[in-house]
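The basis for the numbers below is simple: all heavy atoms, side chains too, and nothing from hydrogens, waters or symmetry mates.
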Amino acid sequence: MRRILAVDDDHDILEVLQFILEDSGYKVDTLSDGHKLMDTIRDKHPDLILLDIMLGNMDGRELCKVVKKQIETHNIPVIMISASHNVSSTLNQDGAPNDFVAKPFDINVLLNSIKNQLAPKTAA
């Protein structure tokens with residue numbers, strides 16, 4: 001079973017994400033404090049991270065850069081979610097997320113993005 005770490009400072013959104021993702025067959029861990037992100041990644045070993053951009057006094061884009069620049073975590077797909085920012089134009093920059101889903105998110109769009117990121121990559 002694939003493990004997803006959902007990071008958002010809104011507990012209601014975390015509840016909804018956990019329900020939707022578990023109902024879709026994923027193991028879900030939630031985190032409402034970005035300060036604990038790297039510790040949680042080391043403890044839980046997620047296959048994918050859903051990361052909100054606005055995490056209280058933290059910027060999820062900066063956390064994404066930290067994840068993407070660490071040798072032990074750079075291969076973990078990160079999908080940014082946010083209502084206030086569109087980062088899709090920055091997807092190819094250094095330390096960028098693998099994908100972006102806007103809030104309010106369509107459940108099928110979110111699940112398709114997760115499925116695409118977790119699909120085995122084939123060599124071209």
Side-chain angles (χ1 to χ4, degrees):
M1 183 178 290
R2 306 305 289 269
R3 181 181 292 264
I4 295 174
L5 174 60
V7 187
D8 198 308
D9 60 346
D10 185 326
H11 292 281
D12 292 335
I13 289 189
L14 287 177
E15 271 187 38
V16 169
L17 284 170
Q18 185 164 14
F19 177 79
I20 291 168
L21 296 173
E22 286 179 349
D23 191 54
S24 298
Y26 297 103
K27 170 75 178 134
V28 180
D29 297 298
T30 60
L31 182 64
S32 60
D33 183 352
H35 291 99
K36 299 176 183 174
L37 179 62
M38 295 309 291
D39 289 335
T40 303
I41 291 171
R42 278 189 282 280
D43 291 344
K44 302 293 184 177
H45 306 286
D47 296 299
L48 181 138
I49 301 168
L50 291 176
L51 182 60
D52 190 23
I53 289 181
M54 301 304 292
L55 290 167
N57 62 351
M58 297 189 78
D59 186 329
R61 293 169 293 194
E62 293 305 314
L63 289 172
C64 182
K65 286 179 186 175
V66 170
V67 170
K68 291 299 184 180
K69 291 185 185 226
Q70 301 288 326
I71 294 291
E72 58 275 0
T73 59
H74 76 277
N75 285 329
I76 301 172
V78 176
I79 300 173
M80 301 285 313
I81 52 176
S82 180
S84 57
H85 297 85
N86 184 341
V87 296
S88 59
S89 62
T90 64
L91 288 176
N92 294 321
Q93 294 181 3
D94 189 36
N98 299 80
D99 203 355
F100 172 79
V101 175
K103 287 183 192 173
F105 47 81
D106 177 291
I107 293 168
N108 291 322
V109 169
L110 178 65
L111 291 174
N112 283 336
S113 178
I114 290 169
K115 183 179 175 184
N116 288 339
Q117 292 303 321
L118 291 176
K121 305 295 183 221
T122 57

Non-neighbouring partners of [X] that pass salt bridge (charged side-chain N to carboxylate O under 4.0 Å, His left out), sequence neighbours left out:
{"X": "Lys65", "answer": "Glu62"}
{"X": "Asp43", "answer": "none"}
{"X": "Asp12", "answer": "none"}

Taking atom [atom1] of [X] and atom [atom2] of [Y], what is their separation to the nearest 0.5 Å?
{"X": "Ile4", "Y": "Thr30", "atom1": "CD1", "atom2": "OG1", "value": "12.5 Å"}
{"X": "Ile81", "Y": "Leu110", "atom1": "CD1", "atom2": "CG", "value": "7.0 Å"}
{"X": "Ile13", "Y": "Asp8", "atom1": "CD1", "atom2": "CG", "value": "4.5 Å"}

Only counting residues at least two apart or in another chain, list the ones meeting side-chain contact (heavy atoms from CB on, under 4.5 Å) with [X].
{"X": "Asn112", "value": "none"}
{"X": "Glu15", "value": "none"}
{"X": "His35", "value": "Asp33, Asn57, Met58"}
{"X": "Val66", "value": "Met38, Gln70"}

Using the rule that two of Ile, Leu, Val, Met, Phe, Trp, Tyr join whenever any of their side-chain heavy atoms come within less than 4.5 Å, decide whether Leu55 and Leu37 are in one cluster. yes
Report yes or no: do Phe105 and Phe100 belong to one cluster of Ile/Leu/Val/Met/Phe/Trp/Tyr joined by side chain heavy-atom distances under 4.5 Å? no
Provide the closest heavy-atom pair for [X] versus [Y] in the form atom of the first, atom of the second, distance.
{"X": "His45", "Y": "Arg3", "value": "O-CD, 4.0 Å"}
{"X": "Leu31", "Y": "Leu5", "value": "CB-CD1, 4.1 Å"}
{"X": "His74", "Y": "Ile71", "value": "ND1-O, 2.8 Å"}
{"X": "Ala6", "Y": "Leu14", "value": "O-CD2, 3.4 Å"}
{"X": "Gly95", "Y": "Cys64", "value": "O-SG, 3.5 Å"}

If the test is side chain to side chain contact (heavy atoms under 4.5 Å, CB included), which one of Val67, Leu50, Leu48 qualifies with Val78? Val67
Met80: which of Asn98, Ile53, Val101 passes side chain to side chain contact (heavy atoms under 4.5 Å, CB included): Ile53
Can you give the donor-acceptor pairs under 3.5 Å from side chains of residues 16-27 to other protein atoms, not counting sequence neighbours?
| from | atom 1 | to | atom 2 | distance (Å) |
| --- | --- | --- | --- | --- |
| Gln18 | NE2 | Glu22 | OE2 | 3.1 |
| Ser24 | OG | Ile20 | O | 3.0 |

Under 6.0 Å from the CG atom of Leu118, do we count more than 12 heavy atoms belonging to anything else shown? yes
Partners of Lys69 by side-chain hydrogen bond (donor to acceptor under 3.5 Å, both in side chains), sequence neighbours excluded? Asp94
Tell me every residue that passes side-chain hydrogen bond (donor to acceptor under 3.5 Å, both in side chains) with Ser113, counting only those two or more places apart in sequence or in another chain. Asp99
Taking side chain as C-beta onward, heavy atoms only, is Thr40 less than 4.5 Å from Val7? no
Sub-4.5 Å side-chain heavy-atom contact between Pro46 and Ile41: yes
Any salt bridge (charged side-chain N to carboxylate O under 4.0 Å, His left out) pairs touching residues 47-56, not counting sequence neighbours? Arg2-Asp47, Asp52-Lys103
